[in-house]
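Note sheet for the following structure.
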Amino acid sequence: MLTQFSQSEESLNTFAPRLLNWFAENGRHDLPWQQHQTDTPNPYIVWLSEVMLQQTQVTTVIPYFARFMDTFPTVQDLAAADWDTVAEHWAGLGYYARARNLHKGAKQLVEIIDETGDFPQTLKGWEAISGVGPSTAGAIMAMGLHRYGVICDGNVKRVLTRWAAIDGDITKSATTKALWALAERLTPNENSGLFAQAMMDMGATLCVRRNPNCQLCPLQKDCIAHAEGRETDYPVKAKKKPKPSKFSNALIIGNEQGEVLWLQRPDNGIWGGLWSLPLEFIEKTEGQKSRKMATGTQKLNVRSNEKLYETEFTTAEQIINDWLHENELVAQPVSSTLLDDAPIKHSLTHFHWYLQPQRLVIDKAQVLELNDKLNAANIAFKWLDKQQALDGLGLPRAMEKIIAI
DNA sequence: TTCCAGCCGT
DNA sequence: ACGGCTGGAA
């Protein structure tokens, strides 16, 4: 079965040489993960940088990459590290499942290296590593091993949907398939690593989402979207649903030494594996806030739709919320201004989150009681002052915002 | 202030 | 098909 492409054979055949020529003369060659590149490619550097770059821009990744390479110069160093050290290095980059998969992947890689003497050498071998999917595996094959590899990430999809006027929704599997087929058709057998870098660089610097710089583009003469003046109509994506809003109290529970209680979040869900203040989900309806009660303790009127939020309590938060309620302890709102509450707004993938810091100081006996309850449930927790928390814990940005008040 | 991109796991 | 985070741009 011959796949049909909207571009001519001539255009398909000259795509790679035009792009490679542009990259050689105008591309970026001094990114940190490129500087480390020599005639002997380093799969560790490519794997680490590609995972960091999966959902994050180059300028954001640069300092994180430098710090990772400093602390974990080899995959063995990363595999041997404690999770908390890895989390602290990743904190702020977001999508923390990437960090958990990276750490797990390092252990998988070390096991393979111990068995075979080297990193995986095949696409399938890399795709078996946690956190490595088809595009990252292709990038590692091409740039990390100097073998043949095809990438089809967001940059590539933007370039190709414009150049070939592919107007299917790129979130649909049929369109994804077509884009991969085109990417494979265009990737040269030689220098697929340079080609991958060139595609990503072109997409990131010229063929950008808004105001693409078509004048400098080596693909301009046969770009269908450009010919139609419809560059920004591509790529086609389904419209997004509006995000709902959620409201939570972030409990700053202090002891008499001025230390605050921190909880490690479970691996799944928001901020998985990082540290957070205990959260107390609240429901906001028609301007009224009502305190959310954990299962089994509700003495207040329970609304019929409250179950929607129950699963969002972690076990630790249920214990703390129950204990506070039993002891009739109520935290007081902390305001950045004297006059009114100023919740921290934090937007996540599919909802906006309003976090209201609330403070409460408990005495020595209460601390011991709470510690006992958390220990009994095997909860990971720490009492730390602000600076200790900032320096020693992997904190999500939202927590940094809260303790900055 | 609001909107948006982005790849993998489940 | 959906959830996950943040910084940058409009």
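Naming convention: chains lettered A, B, ... in sequence-line order (proteins, then strands); numbering from 1 in each chain.
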- Query: Should A:E259 and A:K386 count as an ion pair when the cut-off is N to O under 4.0 Å?
  - Reply: no

- Item | salt_bridge(A:R18, A:D222) N-O dist < 4.0 Å | yes

- Query: Checking only heavy atoms, does the side chain of A:Q55 share a donor-acceptor pair with the base of B:dC7 at less than 3.5 Å?
  - Reply: yes

- Could you check how far CZ of A:F351 sits from C1' of B:dT2, rounded to whole Å? 18 Å

- Query: What nucleic acid atoms does A:R98 come within less than 4.0 Å of, heavy atoms only: base, sugar-phosphate, or nothing?
  - Reply: nothing

- Item | Distance test, side-chain N/O of A:T56 to OP1/OP2 of B:dG6, below 4.0 Å | no

- Task: Hey, which sits more toward the 5' end of DNA chain C by its nearest nucleotide, A:S173 or A:H346?
- Result: A:S173

- Message: What is the separation between atom OH on A:Y96 and atom P on B:dG6, rounded to the nearest whole Å?
- Response: 20 Å

- Item | A:L102 CG - B:dC7 C1' separation (whole Å) | 14 Å

- Task: Flag the pair A:R162 and A:E228 as a salt bridge only when some basic side-chain nitrogen lies within less than 4.0 angstrom of an acidic carboxylate oxygen.
- Result: no

- Query: Separation of A:N211 atom CG from B:dC4 atom P, in whole Å?
  - Reply: 15 Å

- Item | Side-chain N or O of A:R209 closer than 4.0 Å to phosphate OP1/OP2 of C:dA10 | no

- Message: Are more than 12 heavy atoms, taken from residues, nucleotides or ligands other than A:K177, located less than 6.0 Å from that residue's NZ atom?
- Response: no

- Message: Let me spell it out: for each of A:E127 and A:K237, pick the nucleotide of DNA chain B with the closest heavy atom. Which residue's pick is nearer the 5' end?
- Response: A:K237

- With the side chain defined as heavy atoms from C-beta on, A:Q54 is closest, among B:dC8, C:dG8, C:dC5, to B:dC8

- Between A:Y95 and A:G131, the residue closer to the 5' end of DNA chain B by nearest nucleotide is A:Y95

- Nearest listed nucleotide, side chain of A:W271, among C:dG7, B:dC8, C:dC5: C:dC5

- Message: Can you measure A:H352 atom NE2 to B:dT1 atom P for me and round it to whole angstrom units?
- Response: 13 Å

- Assign A:T171 to base, sugar-phosphate, or nothing according to its heavy-atom contacts below 4.0 angstrom with the strands shown. nothing

- Would you classify A:V132 as touching base, sugar-phosphate or nothing, given that sugar-phosphate means primed atoms plus P, OP1 and OP2, and contacts are heavy atoms under 4.0 Å? sugar-phosphate

- Would you classify A:D153 as touching base, sugar-phosphate or nothing, given that sugar-phosphate means primed atoms plus P, OP1 and OP2, and contacts are heavy atoms under 4.0 Å? sugar-phosphate

- Item | Pairing of A:E231 and A:R210 as salt bridge, 4.0 angstrom limit | no

- Note on the structure: Per atom distances to the A:R158 side chain, the nearest of B:dA5, C:dG8, C:dA1 is B:dA5

- Task: For A:R100, answer base if it contacts any base atom (sugar-phosphate contacts may also be present), sugar-phosphate if it contacts only those atoms, and nothing otherwise; contact means non-hydrogen atoms under 4.0 Å.
- Result: nothing

- Note on the structure: Closest to the side chain of A:N155, out of C:dG8, B:dG6, C:dA10, is B:dG6

- Task: Calculate the interatomic distance between A:L348 atom CG and C:dG7 atom P; express it in whole Å.
- Result: 12 Å

- Item | Between A:W353 and A:F247, ring centroids under 6.0 Å | no

- Task: Identify which nucleotide among C:dA1, B:dG6, B:dG9 has an atom closest to any side-chain atom of A:N101, counting heavy atoms from C-beta outward.
- Result: B:dG9

- Task: Could you tell me the separation between the NZ atom of A:K243 and the C1' atom of B:dT1, rounded to a whole number of Å?
- Result: 13 Å

- Whole-Å distance separating the CD atom of A:E50 from the C1' atom of B:dG6: 13 Å

- Task: Measure from the side-chain heavy atoms of A:I270 and tell me the nearest of C:dC5, B:dC8, B:dT2.
- Result: C:dC5

